[in-house]
Amino acid sequence: MIELVHSVLSRRAALQEGVARGYTAALSRKPLRGGPEIGAALPAGMLEALTIAGLLRGTDLDGHYLDTMPAQLAVQLRAAGGAEERLFSARLDLRRLPRLREALDRLFALVAGAGVACARAIGATTPQALLAARPTLAELYAGCHFGRSMPMLYAYPGDLAEEAWRGRSPDELIDARYVGPLLHELSHLHPLDPDLVPAPANLHEALAAWIGSEAWPDQVFPARGGEDAIPGAPWFAAVGGFVALRIGAPEAVRAQAGGLDLRGPLGAPCVEAMRCYGWLGFLESGAPHLLSDAFHPERWWKLIDLHRDLRLARAFHAAHVEPLLRSVPARGTPLRAAWDEALDALSWSELPCSRDAPTAGDDALALRAVRALHVRTERSGRTFRAARAHPPGPIALDAGECLLRAPWPDCDAVGAPPRHPYPPSLCRARKGEMPAVPSLPD
């Protein structure tokens, strides 16, 4: 046990030293501009993941996370010249950024409404105070969850090609393109207690997607002509939304902030099973991002809800969780398929959620499902854009499978499927009749 603890602590220290070294080395290779002085560091969830990865599967991932990603972050935060300097050096004045101002107001209200101090969870008491302390895009991002180790998504070189600017100023580009991504980054929240931050990474991302889209719906359902929707985000947000349905929206925000132990409202066995499920892809193949199964939120719904039935929970743990906890499987051992098959085979009619009375939370999830199927991501040059799109025919509800389906011929450019889970309580609310599917305005 002492040797194991020593290995874990040594690995954690080496990772933090490695990412700091990678960032510093990248700065030494670039002409620099003024910018935020950061101490490069991995956030708690990623540090845990890479620690376990190194101990169980070797250090193949280290070059990506300790060299490649910090180097790209250094370009965004500090490198002189190029589109990155033009964008990230821009000073953020909310008087010139009406969409960002509205989004930040909503996020601060959502967090405060959950009883969480914005000063702790977001970094300031108000949006104005946040930007007074972090006045440029570089400084704002550097204070986000991944802002000391990973480059900001959707601001890679391909995203900043000249066609993306289209003659716009940095203010105009930020307010059009980066409100959704910024709200997502801020929705990771700073941990009140790092030991209570939701894990695995799938769940933390899912809650960030849900919180961000609650504050700024354009993040998952863009305005017509809008540019700041996040590709694939509705499917992640569906998992966060189901957690909020089960435990309450304020409680979901508090959990994301590390202010609520999910073992309380969901139960320790449920939290244990989710952690295992989120690790299956990695344990099987060593896949680097530890965010598998983003496009099957219905499986996460089932995994959460079966724990409301003691008989189902005991059977599932005996068959799937306990064997995984007893020993580390060899790489290549099929794991995901067995869990996925068991969850897919579980009928919704067996689960408690199918017997619940519909609530406003179910209606909100239903509307999210419809909206998700009216957004498609396409590749444009070296970047991706998610935009509204009418399906080529009517969407239909498979009430037995609790899936809403659109007649798109295939998945979109990031793999988002033409289906989305639909609240089980609504699927049986009219005693087997197909419930009305909410429509969207043209």
Side-chain angles (χ1 to χ4, degrees), residues 2-85 87-89 123 133-134 136-160 181 185-186 188-191 194-195 197 199-201 204-205 258 279 282 285-291:
I2 292 174
E3 290 178 354
L4 175 61
V5 171
H6 176 73
S7 297
V8 169
L9 295 178
S10 297
R11 171 71 175 160
R12 288 169 61 91
L15 287 167
Q16 294 292 36
E17 292 168 2
V19 72
R21 186 167 54 249
Y23 182 78
T24 300
L27 291 181
S28 70
R29 297 191 296 268
K30 302 285 183 182
L32 300 181
R33 67 178 194 268
E37 297 284 352
I38 68 167
L42 296 165
M46 182 179 290
L47 180 61
E48 176 196 51
L50 291 176
T51 297
I52 296 172
L55 294 178
L56 297 183
R57 296 291 184 246
T59 59
D60 293 349
L61 307 180
D62 286 7
H64 179 75
Y65 288 103
L66 305 186
D67 295 312
T68 304
M69 293 292 97
Q72 293 186 15
L73 176 66
V75 170
Q76 291 180 348
L77 298 187
R78 296 295 309 279
E84 287 84 3
E85 178 178 12
L87 182 70
F88 282 88
S89 292
R134 291 149 61 182
T136 66
L137 181 60
E139 290 167 304
L140 181 59
Y141 179 64
C144 291
H145 182 74
F146 290 110
R148 292 194 296 155
S149 61
M150 302 279 285
M152 183 177 173
L153 288 175
Y154 316 111
Y156 290 169
D159 300 304
L160 299 180
E185 298 294 346
L186 291 167
H188 281 281
L189 305 181
H190 297 311
D195 291 335
V197 170
H204 192 56
E205 287 290 339
W279 279 91
F282 165 74
S285 66
H289 293 295
L290 312 171
L291 294 175

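Position 1 is the first residue of the sequence; numbering continues from there.
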Tell me, which pairs form a salt bridge (charged side-chain N to carboxylate O under 4.0 Å, His left out) where one or both residues lie in residues 58-84, sequence neighbours left out?
Arg11-Asp62, Glu37-Arg78
Side-chain polar contacts of residues 142-153 - donor-acceptor pairs under 3.5 angstrom, sequence neighbours left out - could you list them?
unit_1 : atom_1 : unit_2 : atom_2 : d
Arg148 : NH1    : Gly39  : O      : 2.9

With sequence neighbours excluded, give me every salt bridge (charged side-chain N to carboxylate O under 4.0 Å, His left out) pair touching residues 19-30.
none
Are any non-hydrogen side-chain atoms of Leu56 and Trp279 less than 4.5 angstrom apart?
no
Out of the candidates Thr51, Ile52, Thr59, only one should pair with Leu55 under the side chain to side chain contact (heavy atoms under 4.5 Å, CB included) rule; please name it.
Thr51
Measuring from atom CG of Leu77 to atom CG of Leu32, what distance do you get when rounded to the nearest 0.5 angstrom?
11.0 Å
In this structure, CG of Leu186 is separated from OH of Tyr141 (nearest 0.5 Å) by 10.5 Å
Mind listing the closest non-hydrogen atom pair of Tyr65 and Val19 along with its distance?
O-CG2, 3.9 Å
Under the side chain to side chain donor-acceptor pair (under 3.5 Å) test, which residues partner Arg12, sequence neighbours left out?
none
Indicate every side-chain donor-acceptor pair of residues 41-50 with a distance under 3.5 Å to a residue at least two apart or in another chain.
unit_1 : atom_1 : unit_2 : atom_2 : d
Glu48  : OE2    : Arg275 : NH2    : 2.6

Between atom OH of Tyr156 and atom CD of Gln76, what is the distance when rounded to the nearest 0.5 Å?
7.5 Å
If every non-hydrogen atom of Pro70 is compared with every non-hydrogen atom of Tyr23, which pair is closest and at what distance?
O-CD1, 3.6 Å
Excluding sequence neighbours, so at least two apart, what forms side chain to side chain donor-acceptor pair (under 3.5 Å) with Thr136?
Glu139
One pair to check against side-chain contact (heavy atoms from CB on, under 4.5 Å): His6 and Glu3. What are the steps and the verdict?
CA-CA 5 Å; His6 176 73; Glu3 290 178 354; 5.6 Å; no
Please give me the minimum heavy-atom distance between Ser89 and Arg33, naming the atom from each residue.
OG-NE, 2.9 Å
